[in-house]
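Atoms within a ligand are numbered from 1 in the order they appear, just like the ligands themselves. All of these numbers come straight from a predicted model, not from anything done at the bench.
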Amino acid sequence: MEPTINRGLDGINIDTSQICSIDGMKGELIYRGYDISELADKVSLEEVIYLLWEGELPDRQQLDAFRQELSELFTVPTEVIDIFRTLPKDAHPMHAMRTAVSALASFDENPDDVGAANIRRIGAKLVAQFPTFTAAFERIRNGQEPIDPDPGLSIAGNFLFMLSGERPSEAATKVMDVALVLHAEHGTNASTFVARATASTLTDVYSAITAAVSSLKGPLHGGANTAVMQTLEQIGSVEGIEPYVLDTLSQPGGRIMGFGHRVYRVLDPRAIILKEVSRHLAQESGDSKWFEMSLEMERVMDREMARDGKQIKPNVDFFSASVYRMLGFPSDMYTPIFAVARISGWMAHLYEQYGDNRIMRPRLIYEGPMGRAFKPLGER
Ligand code: SDX
């Protein structure tokens, strides 16, 4: 029988999991049994991290203890922050993120032990430190000094505070929390799969997360939100959307960034929520350009994909671009924000992988030559 090949591991189940369920036909995303549309604007990122890791939403006492645990871990070793000062000013933020995670391993007192207690200790450090070094990078590349974290603020609030130096409004903190909750977890997407595959050799957490950050950067994955905004900036107006989309789709392999998904065949439930967040921010700010351009791109793509009989809809990266723009982030910082959220999901999956591991080793079907006669160098 011909061996089957699933390119891109399409449809392949690598294990069972208790963390996340995605129904691509219904457009349903479940975190540990809770529908994301139920959670998104009702819980903080800290409650979602606790849920993803422990399997239950925390009660008040558990949440306070978890917040206290994380608040003591926000600070990043100065030596790691100082690496950013040695990078060129135009260094890609995701190259900087990857470097920071890798460097943190050398400052951890026990980086290589993959026992449950130690990976939980490292996981708490990483979810607490990602916002700190991400904000520090952004300030250093702009010639500003990093701002120390405020242990009294939430992860979302601290992130905004460490970027601007001002206490964020409740409204801005809420929007940041919703965006981070929506980006926290999504099953075996490419970067989570890379984290699990890397951990399956029983290498350390920092190595697995460095690999995940590397994978997330790609424009087909977490890099898409940056690509969406760079596309909108390049087009520049609502009137420019239709010609751009038609021209791109007319090219072989042409892709409109922020659309399509390996699993969703209907609108990504996260895009539904982020679309409304973007609408709200556009109304509040009076700057509706990016939201209007996004609506026009969605309209043209809906029409063109329906005509071609394809189920290509906006994904999580499409409307998050206009949300982050209206929050004031530069477009190349959108993927680092994705990583600030997804470190929670990556760690949840590492707990599962290390907890019941088998090394991952898929195969390729060899189609090269066989039985070739060797000739020494002098005779070739
Ligand atoms: C994320 O996996 C996850 O869960 C990821 C994520 C998470 O939370 O971790 O949800 C986050 O990464 C979302 C995806 C962000 N990427 C983009 O927006 C980049 C643009 N999208 C595409 O490159 C694509 O849709 C992928 C990469 C998302 C999915 O790729 P697939 O499943 O391999 O699909 P494909 O490229 O083989 O396309 C299938 C068909 C093709 O038609 P044919 O060439 O076979 O005739 O759909 C078409 C494609 O042309 N298509 C698109 C399209 N995406 C698919 N056509 C135009 N524009 C697009 N964006």
Side-chain angles (χ1 to χ4, degrees), residues 5-14 17 19-24 27-31 36 40 48 52 94 179-196 212-232 241 244-274 294 297-298 300-322 324 331 334-335 337-346 348-349:
I5 297 176
N6 294 66
R7 297 201 70 227
L9 297 180
D10 197 349
I12 295 293
N13 297 307
I14 59 168
S17 174
I19 303 168
C20 169
S21 165
I22 304 169
D23 183 321
E28 184 184 78
L29 171 58
I30 305 288
Y31 287 177
I36 195 65
V48 163
L52 291 173
M94 288 302 282
L180 295 174
V181 163
L182 290 172
H183 284 82
E185 161 59 14
H186 211 247
T188 38
N189 56 85
S191 56
T192 301
F193 171 71
V194 160
R196 291 190 75 136
V213 171
S214 306
S215 169
L216 185 74
K217 173 177 177 287
L220 295 187
H221 185 19
N225 53 19
T226 291
V228 169
M229 186 42 69
Q230 290 173 347
T231 300
L232 295 179
I241 293 286
Y244 170 83
V245 170
L246 297 181
D247 176 54
T248 303
L249 294 181
S250 69
Q251 288 160 35
R255 291 286 187 280
I256 305 295
M257 305 313 276
F259 284 81
H261 199 276
R262 175 64 59 79
V263 180
Y264 290 119
R265 289 295 164 262
V266 293
L267 196 45
D268 182 330
R270 301 166 296 177
I272 295 172
I273 297 166
L274 286 164
S294 302
M297 188 169 272
E298 183 183 27
V300 177
M301 278 293 280
D302 271 353
R303 184 193 70 207
E304 293 302 305
M305 293 295 116
R307 198 200 54 222
D308 294 352
K310 290 180 179 176
Q311 298 160 307
I312 306 297
K313 298 283 185 188
N315 57 50
V316 68
D317 291 304
F318 185 61
F319 287 106
S320 59
S322 51
Y324 295 150
S331 62
Y334 298 0
T335 309
I337 297 169
F338 196 146
V340 164
R342 190 54 58 88
I343 178 62
S344 319
W346 290 333
H349 282 271

| said: Quick one, D268 and F318 - any side-chain contact, counting heavy atoms below 4.5 Å? | reply: no
| request: Report yes or no: does a heavy atom of G8 sit under 4.0 Å from some atom of ligand 1? | output: no
| query | Taking all atoms of both residues into account, what is the closest heavy-atom pair of A184 and V48, and its distance? | reply | CB-CG1, 4.1 Å
| said: Under 4.0 Å from atom 26 (C) of ligand 1, is there at least one protein heavy atom? | reply: no
| Audit row: T192, R342, side-chain contact (heavy atoms from CB on, under 4.5 Å) steps and yes/no | CA-CA 9 Å; T192 301; R342 190 54 58 88; 4.3 Å; yes
| task | Verify the contact flag for atom 18 (O) of ligand 1, where contact means a protein heavy atom under 4.0 Å away. | result | yes
| said: If we count only non-hydrogen protein atoms and require a distance under 4.0 Å, does atom 39 (C) of ligand 1 qualify as touching the protein? | reply: no
| Does the protein place any heavy atom closer than 4.0 Å to atom 10 (O) of ligand 1? | yes
| field | Residue pair T226, M94: steps toward the side-chain contact (heavy atoms from CB on, under 4.5 Å) verdict | value | CA-CA 11 Å; T226 291; M94 288 302 282; over 6 Å; no
| message | List ligand 1 atoms under 4.0 Å from A224, heavy atoms only on the residue side. | response | 15 (C), 16 (N), 17 (C), 18 (O)
| note | A student checking ligand 1 against G258 at a 4.0 Å heavy-atom cut-off should list atoms 17 (C), 18 (O)
| Any non-hydrogen protein atom below 4.0 Å of atom 45 (O) of ligand 1? | no
| request: Answer whether the closest heavy-atom distance between the side chains of M257 and D317 falls below 4.5 Å. | output: no
| remark: atom 23 (O) of ligand 1: of L29, T248, T188, L220, the nearest heavy atom sits on L220
| task | Say whether E185 and ligand 1 are in contact under the criterion: heavy-atom distance to a ligand atom below 4.0 Å. | result | no
| request: Could you check if a side-chain atom of L9 sits within less than 4.5 angstrom of a side-chain atom of R262, using non-hydrogen atoms only? | output: no
| request: Around atom 14 (C) of ligand 1, find the nearest protein heavy atom and jot down its residue, atom name and distance. | output: N315 ND2, 3.5 Å
| Winner among R342, H183, H261 once heavy atoms are compared against atom 7 (C) of ligand 1 | R342
| query | Counting only heavy atoms on the protein side, is anything nearer than 4.0 Å to atom 3 (C) of ligand 1? | reply | yes
| Test item, P219 contacting ligand 1 (heavy atom, 4.0 angstrom) | yes
| request: Check ligand 1 against D317 and write out every atom of the ligand that is under 4.0 Å from a heavy-atom position of the residue. | output: 1 (C), 11 (C), 12 (O), 13 (C), 14 (C), 15 (C)
| task | Evaluate the ring pair (Phe, Tyr, Trp, His ring centres under 6.0 Å) criterion for residues H186 and Y264: first the C-alpha distance (whole Å), next the side-chain angles of each, then the deciding distance (0.1 Å), finally the verdict. | result | CA-CA 12 Å; H186 211 247; Y264 290 119; 5.4 Å; yes
| said: Under 4.0 Å from a heavy atom of K310: which atoms of ligand 1 are those, numbered in the order shown and with their elements? | reply: 42 (O), 43 (P), 46 (O), 50 (O)
| query | Going by the atom numbers of ligand 1, which of them fall below 4.0 Å from some non-hydrogen atom of F259? | reply | 18 (O), 20 (C), 21 (N), 22 (C), 25 (O), 54 (N), 59 (C), 60 (N)
| query | Should you measure from each heavy atom of G260, which atoms of ligand 1 turn up under 4.0 Å away? | reply | 25 (O), 28 (C)
| side-chain contact (heavy atoms from CB on, under 4.5 Å) between Y334 and M229, worked out | CA-CA 9 Å; Y334 298 0; M229 186 42 69; 3.4 Å; yes
| query | If we only count heavy atoms from C-beta on, is the F259 to M305 side-chain gap below 4.5 Å? | reply | no
| Residue-ligand contact L249/ligand 1, heavy atom below 4.0 Å | yes
| query | Looking at side-chain heavy atoms only, is the closest gap between V228 and F319 below 4.5 Å? | reply | no
| note | For L267 and A271 the tightest heavy-atom approach is CD1-CB, 4.2 Å
| note | Looking at M301, R262, M257, R255, the heavy atom closest to atom 37 (O) of ligand 1 belongs to R255
| task | Under 4.0 Å, heavy atoms only, figure out whether ligand 1 is touched by the backbone of N189, its side chain, both or neither. | result | both
| query | So, do R270 and I273 sit near enough that their side-chain heavy atoms are less than 4.5 Å apart? | reply | no
| query | Judging by distance only, is a nitrogen or oxygen of I312 under 3.5 angstrom from one on ligand 1? | reply | no
| Gap separating the NE2 atom of H349 from the CG atom of L52, nearest 0.5 angstrom | 8.0 Å
| Counting heavy atoms only, which of P314, C20, G309, G254 comes nearest to atom 57 (C) of ligand 1? | G254
| Non-hydrogen side-chain atoms of E185 and L29 separated by less than 4.5 Å | no
